[in-house]
Amino acid sequence: MSPHVLILGGTTEARELAAVLTALPGLRVTTSLAGRVQRPGAVTGEVRIGGFGGAEGLANWLREERVDALVDATHPFAASITANAARAAAATGVPAVVLRRPGWQPGPEDRWHPVDSLHAAAELLPSLGRRVFLTTGRLGLAAFARLTELHFVVRSVEPPAPPLPPRTEVLLARGPFTVADETALLLGHCVDVLVTKDSGGQATAAKLTAARHLALPVVVVRRPPLPEDVATVPDVAGVLERLGLSPR
């Protein structure tokens, strides 16, 4: 029976990993997507959609599908999924690794204001600006709903669900974005403060460069901590090394 690798996906790195692993002979690769995005990017290999039913449900799936290795390549802010994956792997003895792209780092000219949550970002915003470019995704926007005096430009892949701030303009778009595009957006909407999560990666990093060039303050929501004793790697090559695999 072919070794079976389960990828918890939804990120660019997960798609890259699936493409590399499916190209290896004698390997079964399944990518699991949460199903929150209606039009996810194309994924190579087997794909399943939907949750597992918590850590216990995932553990049962690992046993039933005879999974030999688990790769958590979910978004850095998918804390509950990562916690469930760590518990399921420990319960079943399935080797597991977390694939996390490195976070962004501020430069000397950046005006970053790190916070630990969306609610903390909302508390800080009124002191920084009046027109906000909000790029934290379509979930969790209720944290900003009480800020009735601020104008928000919200960008997400799919329409956000209410409650939203009363003065909200929604832009539907998927990265990557260029610095020129982001600069034009910030200037065109008269943005004076940017809010983002520390997602890392290049697909959406251009907004930080544009904000730096325009000397705009940036509120950066820190990543949630990883579970204890989980192995992490920064890229696809690290996963292959961890699993003892090599691309052709």
Side-chain angles (χ1 to χ4, degrees), residues 10-13 73-83 98-147 149-157 160 164-165 167-171 173-227 232 234-235:
T11 60
T12 300
E13 292 79 13
T74 55
H75 193 275
F77 284 81
S80 61
I81 299 175
T82 294
V98 176
L99 170 55
R100 283 289 184 275
R101 69 185 79 133
W104 292 315
Q105 297 297 322
E109 297 180 359
D110 286 310
R111 298 175 58 196
W112 284 18
H113 299 264
V115 294
D116 289 326
S117 67
L118 293 177
H119 288 283
E123 290 289 334
L124 184 60
L125 271 181
S127 66
L128 297 177
R130 310 298 293 177
R131 296 183 63 86
V132 184
F133 185 29
L134 188 57
T135 65
T136 56
R138 65 189 181 93
L139 302 177
L141 300 186
F144 303 91
R146 63 177 182 78
L147 298 178
E149 299 301 316
L150 305 188
H151 178 89
F152 288 85
V153 178
V154 173
R155 183 168 68 195
S156 64
V157 175
L164 303 175
R167 301 182 181 182
T168 296
E169 181 178 356
V170 177
L171 305 178
R174 185 194 298 268
F177 306 101
T178 67
V179 174
D181 291 338
E182 299 291 58
T183 301
L185 186 154
L186 294 172
L187 291 174
H189 290 274
C190 300
V191 169
D192 54 16
V193 58
L194 167 67
V195 182
T196 186
K197 292 179 177 178
D198 181 16
S199 300
Q202 294 302 311
T204 58
K207 62 191 172 188
L208 299 174
T209 303
R212 181 188 313 126
H213 292 167
L214 297 173
L216 298 182
V218 181
V219 180
V220 181
V221 182
R222 297 185 182 97
R223 296 179 176 188
L226 288 167
T232 61
D235 51 29

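A quick note: this is a predicted structure, and the numbers were derived from the prediction, not measured. Note that these values count all heavy atoms, side chains included, but never hydrogens, waters or copies made by symmetry.
A donor-acceptor pair is defined here as one N or O able to donate and one able to accept, closer than 3.5 Å; no such pair exists between the side chain of His189 and the backbone of Val191.
At a threshold of 4.5 Å between non-hydrogen side-chain atoms, the residues Pro176 and Gln202 do not count as touching. Using a 4.5 Å cut-off on side-chain heavy atoms (C-beta onward), Arg100 and Leu226 make contact. Residues Arg155 and Thr136 have side chains not in contact (no heavy-atom distance under 4.5 Å, counting atoms from C-beta outward). At a threshold of 4.5 Å between non-hydrogen side-chain atoms, the residues Leu171 and Leu185 count as touching.
Looking at every heavy atom in both residues, Asp198 comes nearest to Val220 through CB-CG1, 4.0 Å. Nearest heavy atom pair, residue Thr135 against residue Lys207, reads OG1-NZ, 2.8 Å. Across Trp112 and Gln105, no two heavy atoms sit closer than the pair CH2-C, 3.7 Å. Residue Leu194 comes nearest to Ala211 through the heavy atom pair CD2-CB, 4.1 Å, listed as atom of the first residue, atom of the second, then distance. Between Leu186 and Ala210, the closest heavy-atom pair is CD1-CB, 3.8 Å. Nearest heavy-atom pair, Phe152 versus Pro165, reported as atom, atom and distance to 0.1 Å: CD1-CB, 3.5 Å.
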Would you be so kind as to tabulate the donor-acceptor pairs closer than 3.5 Å made by side chains of residues 118-129, with sequence neighbours excluded?
from, atom 1, to, atom 2, distance (Å)
Glu123, OE2, Arg146, NH2, 2.9
Ser127, OG, Leu124, O, 2.7

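In this structure, Ser117 has no side-chain hydrogen bond (donor to acceptor under 3.5 Å, both in side chains) partners at least two apart in sequence or on a different chain. The side-chain hydrogen bond (donor to acceptor under 3.5 Å, both in side chains) search around Asp235 returns none, not counting sequence neighbours.
Salt bridge status for Asp110 with Arg212: present, with a side-chain N to carboxylate O gap under 4.0 Å. The pair Arg131-Glu169 does not meet the salt-bridge criterion, since no charged nitrogen lies less than 4.0 angstrom from a carboxylate oxygen.
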For this session: Check step by step if side-chain contact (heavy atoms from CB on, under 4.5 Å) holds for Phe144 and Val132.
Result: CA-CA 11 Å; Phe144 303 91; Val132 184; over 6 Å; no
For this session: Output, in order, the C-alpha distance, side-chain angles, deciding distance and verdict of side-chain contact (heavy atoms from CB on, under 4.5 Å) for Arg130 and Asp192.
Result: CA-CA 7 Å; Arg130 310 298 293 177; Asp192 54 16; 4.1 Å; yes
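Within the model, atoms OG1 of Thr11 and NE2 of His75 stand 8.5 Å from one another, a figure rounded to the nearest 0.5 Å. Taking NZ of Lys197 as the reference point, atom CZ of Arg223 lies at 12.0 Å (rounded to 0.5 Å).
In the model, Arg101 has no side-chain atom that pairs as donor or acceptor with a side-chain atom of Thr12 under 3.5 Å.
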